[in-house]
Amino acid sequence: MENRRIVIITGANSGIGKEAAQRFANEGDHVIMACRNIAFSRKVQHDIIAASGNDHVDLLELDVSSFASIRTFCTTFNSQYKRLDILIHNAAYFNHGEPYRLSPDGIELTFATNVFGPYLLTSLLRDRLKQSEDPRILHAGSNIIKHFFDPKQTFDLDLLQENHGTKSYSVYKMYCQSKMALMLLTFQMAEVFADDGIKVNALQINGAKMSKRTIQKVKPWWRPIAWGQNLFFPPPSYMADKYFTICTSDKYKQTTGKLFNDKLEIMEPSPIHYPGFFKQMKLLLGSNVYPAYENTNIREKLWALCKELVGE
């Protein structure tokens, strides 16, 4: 099938990423599973092929927190594939309770995995995306950015490298900031890539049921909370279907620079000047608006920081 869409999904061996890989494979697309743990991912790859009857499911090693791994992955991909139709940044790092950790490049691990890695990966695949008739990029966001409805919430960019002094650190806090940063970069990237015809959007994820394997990887004291959340979270296939629709539907062929909720409604920025307590609670509980960060220079600052840290 010469017209197969070529799709890269990072973190495609579990959760929403795995279900998305299965969905695209079921549709006959050529799926590239970009995963860090090759031994574990190989079995997942075989399962997806068996379930879909589609043997165009490839597995390439990728650690999104490592610039060297990203460059190796892109060199391999660019040598084997002439174009890229869909790039889904699904992989993310969040292990509640973990101490401060650095990536192989000396960057705080949460931001390295959730922001700078996706930026570099997209940059190195840009030429292949430009070869597609309908190139689309999707960032996996999170409703954790609702913390930014608090006007006192800020970015701790001085925590991103080792010489951060004595400032307090929390993986939870950095995950929140990294997902807000990724959303802002979605908007920036959509503008920068507009002339290339590349559409860039994000999906706000409210959670998905976690597998036993995933729960065993978190801190023991957090596991009961995770099991409790699983009672209310939808299955990973629910959000995987949203990935597929945003990246393939003709309805969104010209849509770029937008944040979708799980109903596939385009979310709007909140008022800059926040209202009273009850209206703030309505914003927090709703799904139609996202926090409009007041610092208008932060997008440009994050973009420049991406360029600086990846060595462009």
Side-chain angles (χ1 to χ4, degrees), residues 1 4-95 98 101 103-105 109 112-114 117-118 120-122 124-125 128-129 137-140 205 208-218 226 230 235-241 243-244 247-248:
M1 186 189 298
R4 294 178 191 272
R5 287 179 295 244
I6 299 175
V7 185
I8 292 177
I9 304 172
T10 65
N13 60 7
S14 64
I16 300 172
K18 174 186 174 183
E19 293 298 327
Q22 185 71 66
R23 176 64 192 278
F24 280 97
N26 290 347
E27 298 293 330
D29 295 321
H30 193 146
V31 179
I32 293 88
M33 301 171 59
C35 304
R36 183 178 57 181
N37 186 333
I38 292 295
F40 173 78
S41 303
R42 188 71 67 192
K43 181 181 182 305
V44 177
Q45 176 195 21
H46 292 161
D47 290 345
I48 291 173
I49 291 172
S52 65
N54 177 2
D55 59 3
H56 288 78
V57 179
D58 298 336
L59 175 62
L60 293 180
E61 185 173 2
L62 174 64
D63 178 354
V64 188
S65 73
S66 165
F67 295 162
S69 177
I70 292 170
R71 294 182 190 280
T72 299
F73 171 89
C74 291
T75 298
T76 301
F77 178 87
N78 290 339
S79 69
Q80 296 179 9
Y81 305 88
K82 299 303 180 185
R83 73 171 199 281
L84 174 60
D85 299 299
I86 297 169
L87 173 59
I88 299 178
H89 292 290
N90 169 77
Y93 172 77
F94 175 40
N95 199 344
E98 282 290 324
R101 294 177 61 191
S103 74
D105 304 283
L109 188 58
T113 308
N114 302 352
L120 178 60
L121 183 63
T122 299
L124 296 178
L125 294 173
R128 288 294 180 266
L129 284 160
I137 298 171
L138 183 65
H139 292 143
I205 297 174
K209 289 186 187 299
M210 291 172 280
S211 67
K212 291 181 180 179
R213 178 176 177 269
T214 298
I215 292 178
Q216 287 302 313
K217 289 161 63 175
V218 305
N230 266 3
S237 58
Y238 175 74
M239 282 297 177
D241 285 342
Y243 282 13
F244 182 83
C247 292
T248 64

Point to revise | Member of Leu60, Leu59, Leu62 meeting the side-chain contact (heavy atoms from CB on, under 4.5 Å) criterion with Ile38 | key: Leu59
Review point. Does Ser41 have any side chain to side chain donor-acceptor pair (under 3.5 Å) partners at least two apart in sequence or in another chain, and if so, which?
Key: Asn13
**Study point:** Side chain proximity check, Arg42 to His46, heavy atoms < 4.5 angstrom
**Key:** yes
Revision key, fill the gap. Taking every heavy atom of Pro118 against every heavy atom of Ala112, the minimum-distance pair comes out as CD-O, 4.3 Å
Point to revise | Check against side-chain contact (heavy atoms from CB on, under 4.5 Å), Leu125 and Asn78 | key: CA-CA 8 Å; Leu125 294 173; Asn78 290 339; 3.8 Å; yes
Review point. What's the shortest heavy-atom distance between Ala12 and Cys35, and which atoms?
Key: N-SG, 3.6 Å
Point to revise | Contact summary for Cys247 and Phe24, nearest pair of heavy atoms | key: CB-CZ, 4.2 Å
Exercise for review: Output, in order, the C-alpha distance, side-chain angles, deciding distance and verdict of side-chain contact (heavy atoms from CB on, under 4.5 Å) for Met33 and Ile48.
Suggested key: CA-CA 11 Å; Met33 301 171 59; Ile48 291 173; 4.0 Å; yes
Review point. Hey, what do you get for CG (Asp63) to CG (Asn37), rounding to the nearest 0.5 Å?
Key: 11.0 Å
Review point. If we only count heavy atoms from C-beta on, is the Leu120 to Val64 side-chain gap below 4.5 Å?
Key: no
Exercise for review: With the side chain counted from C-beta on, respond yes when Leu124 and Phe77 share a heavy-atom pair under 4.5 Å apart, and no when they do not.
Suggested key: no
Practice item. Indicate yes or no: does Glu19 engage Arg23 in a salt bridge with an N to O separation below 4.0 Å. Key: no
**Study point:** Atom pair CD1 (Ile70) and OG (Ser65), whose distance is rounded to the nearest 0.5 Å
**Key:** 7.5 Å
**Study point:** Non-hydrogen atoms of Ala20 and Ala240 that approach each other most closely
**Key:** N-CB, 3.4 Å
Review point. Considering residues at least two apart in sequence or located in another chain, which fulfil the side chain to side chain donor-acceptor pair (under 3.5 Å) criterion with Arg71?
Key: none
Check your understanding: Quick one: salt bridge (Lys or Arg N to Asp or Glu O under 4.0 Å) partners of Lys43, sequence neighbours excluded?
Key -> Asp47
Check your understanding: So do Ile32 and Phe73 actually touch side chain to side chain, heavy atoms under 4.5 Å?
Key -> yes
Point to revise | For Arg128, all residues meeting side chain to side chain donor-acceptor pair (under 3.5 Å), sequence neighbours excluded | key: none
Point to revise | Reported CG-to-OG1 distance for the pair Asp58 and Thr76, which is rounded to 0.5 angstrom | key: 12.0 Å
Review point. Mind checking whether Ile205 and Ile16 have side chains closer than 4.5 Å, heavy atoms only?
Key: yes
Check your understanding: Under 4.5 Å between any side-chain heavy atoms of Phe244 and Asn26, yes or no?
Key -> no
Review point. Would you call Ser14 and Val44 a side-chain contact if the rule is heavy atoms closer than 4.5 Å?
Key: no
Exercise for review: Evaluate side-chain contact (heavy atoms from CB on, under 4.5 Å) for Ile8 paired with Tyr81, printing each intermediate quantity in order.
Suggested key: CA-CA 11 Å; Ile8 292 177; Tyr81 305 88; over 6 Å; no
Practice item. Compare all side-chain heavy atoms of Asn54 with those of Arg4 and state whether any distance is below 4.5 angstrom. Key: yes
Check your understanding: To the nearest 0.5 Å, what is the distance between CD (Glu27) and CD (Gln22)?
Key -> 11.0 Å
Review point. By side chain to side chain donor-acceptor pair (under 3.5 Å), which residues pair with Thr113, not counting sequence neighbours?
Key: none
Output side-chain donor-acceptor pairs under 3.5 Å for residues 84-93, partner residues at least two apart or in another chain, one line each.
unit_1	atom_1	unit_2	atom_2	d
Asp85	OD1	Arg83	NE	3.1
Asp85	OD1	Ser132	OG	2.6
Asp85	OD2	Ile6	N	2.8
Asp85	OD2	Arg83	NE	3.0
Asp85	OD2	Arg83	NH2	3.1
His89	NE2	Thr122	OG1	2.7
Asn90	OD1	Tyr243	OH	2.8
Asn90	ND2	Thr10	O	3.1
Asn90	ND2	Gly11	O	3.1

